[in-house]
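Data first, discussion second: the structure below is written as structure tokens.
Sequential numbering from 1 along the given sequence is applied to the chain's residues. Fair warning: this is a prediction, and the values are worked out from it, not measured in the lab.
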Amino acid sequence: MRRYPSKEVRSPWVTRWLASVSRQLRPRGSHMFEPQLPPGLVEGRHTPLFGDTNLPDPLTVVHRTTVWASLHVQTGSVRYVDVAGSDPRDLRLEAGDSAVIAPGVDHQIEPSTDATFFVQFYRDPTDPPIGQASPLPAGSRRQSGPWVHRGKDLDSAEEILEMVTRQYADVVQDDLLEPFFKFGPDRLDWQAHIGSVADYWQHVVLLVPDYDIDVLEGHRHLHDRRAFTPALFDRWLQIFLDTVDGGWTGPNATLAKKRATGMSRAMANRFLGKGTWRPVEAGP
């Protein structure tokens, strides 16, 4: 099973993050380190109050944030565990306790059945508010993550895996799209999911053979559980286009955007009815 993301395909900003985190950790107790929020950050958006009945599936497995955050327990208790590093934290947070979460650090939480808690995200005061679109200069697209341009095309399996990883970092933090990733008691294996999506785009962009999954029908169970809407297709396609434009340039990047637009149109025609939704770029 491939790692998410593997060391070999770790983007430069993740490397810088980890270096920054290691510098900012300070001792707290015996064999325990507690990250501190960098000075100058301000509160951005925060999650709703989560509990046993509305805990999103992505939070039930090992995951990471893309920005600095803090977990705040209101009732019950939450076990917070860093799953990487030479001296990871294993904290039991009671009502009134909180813990800082550094970006890019794999972690997992285990709430008690009576726990309620929320996650507060932070941003640089010069950045647009988290969860809202940035002002768009003429002819440009939003780049929602702290990504850097790769300076190359989508010309290898590693670049495509990086692209999919960046895309889903935004998707699972989007209020409109995130609910479609609540997969019930089986939970979502993010490593497997990212790998499967990356395999699809390798097939589409790099012409890797032996991919025989019907992608459109593979989404039917999601539509049956929670009906797709035109706004949903708008948002998914915009995130995909922004992700590619924010990291890659070249014929393969252009092809990926063209195929994503075509796939979105085909899926909308199948589930919403022909002509119900059209990509913005397609015009009237």
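With respect to the salt-bridge test (charged N to carboxylate O, under 4.0 angstrom), the residues R123 and E43 do not qualify.
With a 4.5 Å cut-off between side-chain heavy atoms of Ile, Leu, Val, Met, Phe, Trp and Tyr, the cluster of L49 takes in F118.
Aromatic ring centres of W201 and F240 lie closer together than 6.0 Å.
Residues satisfying the side-chain hydrogen bond (donor to acceptor under 3.5 Å, both in side chains) criterion with S77, sequence neighbours excluded, are R92. Legend: residues meeting side-chain hydrogen bond (donor to acceptor under 3.5 Å, both in side chains) with S70, ordered by chain and number and at least two apart, are H72, Y122.
In the displayed structure, H223 atom NE2 is contacted under 6.0 Å by more than 12 heavy atoms of other residues, nucleotides or ligands.
Within the model, atoms OG of S98 and CG of L93 stand 7.5 Å from one another, a figure rounded to the nearest 0.5 Å.
At a threshold of 4.5 Å between non-hydrogen side-chain atoms, the residues F121 and W68 do not count as touching.
Side-chain N/O atoms of W277 and D234 include a donor and acceptor closer than 3.5 Å. Judged purely by distance below 3.5 Å, without hydrogens or angles, the side chains of T65 and H107 never pair a donor atom with an acceptor atom.
Looking only at distances, no side-chain donor or acceptor of D170 sits under 3.5 Å from a matching main-chain atom of Q167. Under the 3.5 Å distance criterion, the side-chain polar atoms of N269 are matched with a main-chain donor or acceptor of G275. Judged by distance alone, the side chain of H149 and the main-chain N or O of G246 form no donor-acceptor pair under 3.5 Å. Checking side-chain atoms of D153 against main-chain N and O of N252 turns up a donor-acceptor pair under 3.5 Å.
For the side chain to side chain contact (heavy atoms under 4.5 Å, CB included) with V62, the qualifying choice from V83, I109, V81 is V83, the only one to do so. Each of D242, L237, T243 was scored for a side chain to side chain contact (heavy atoms under 4.5 Å, CB included) with I239, with one residue passing: T243.
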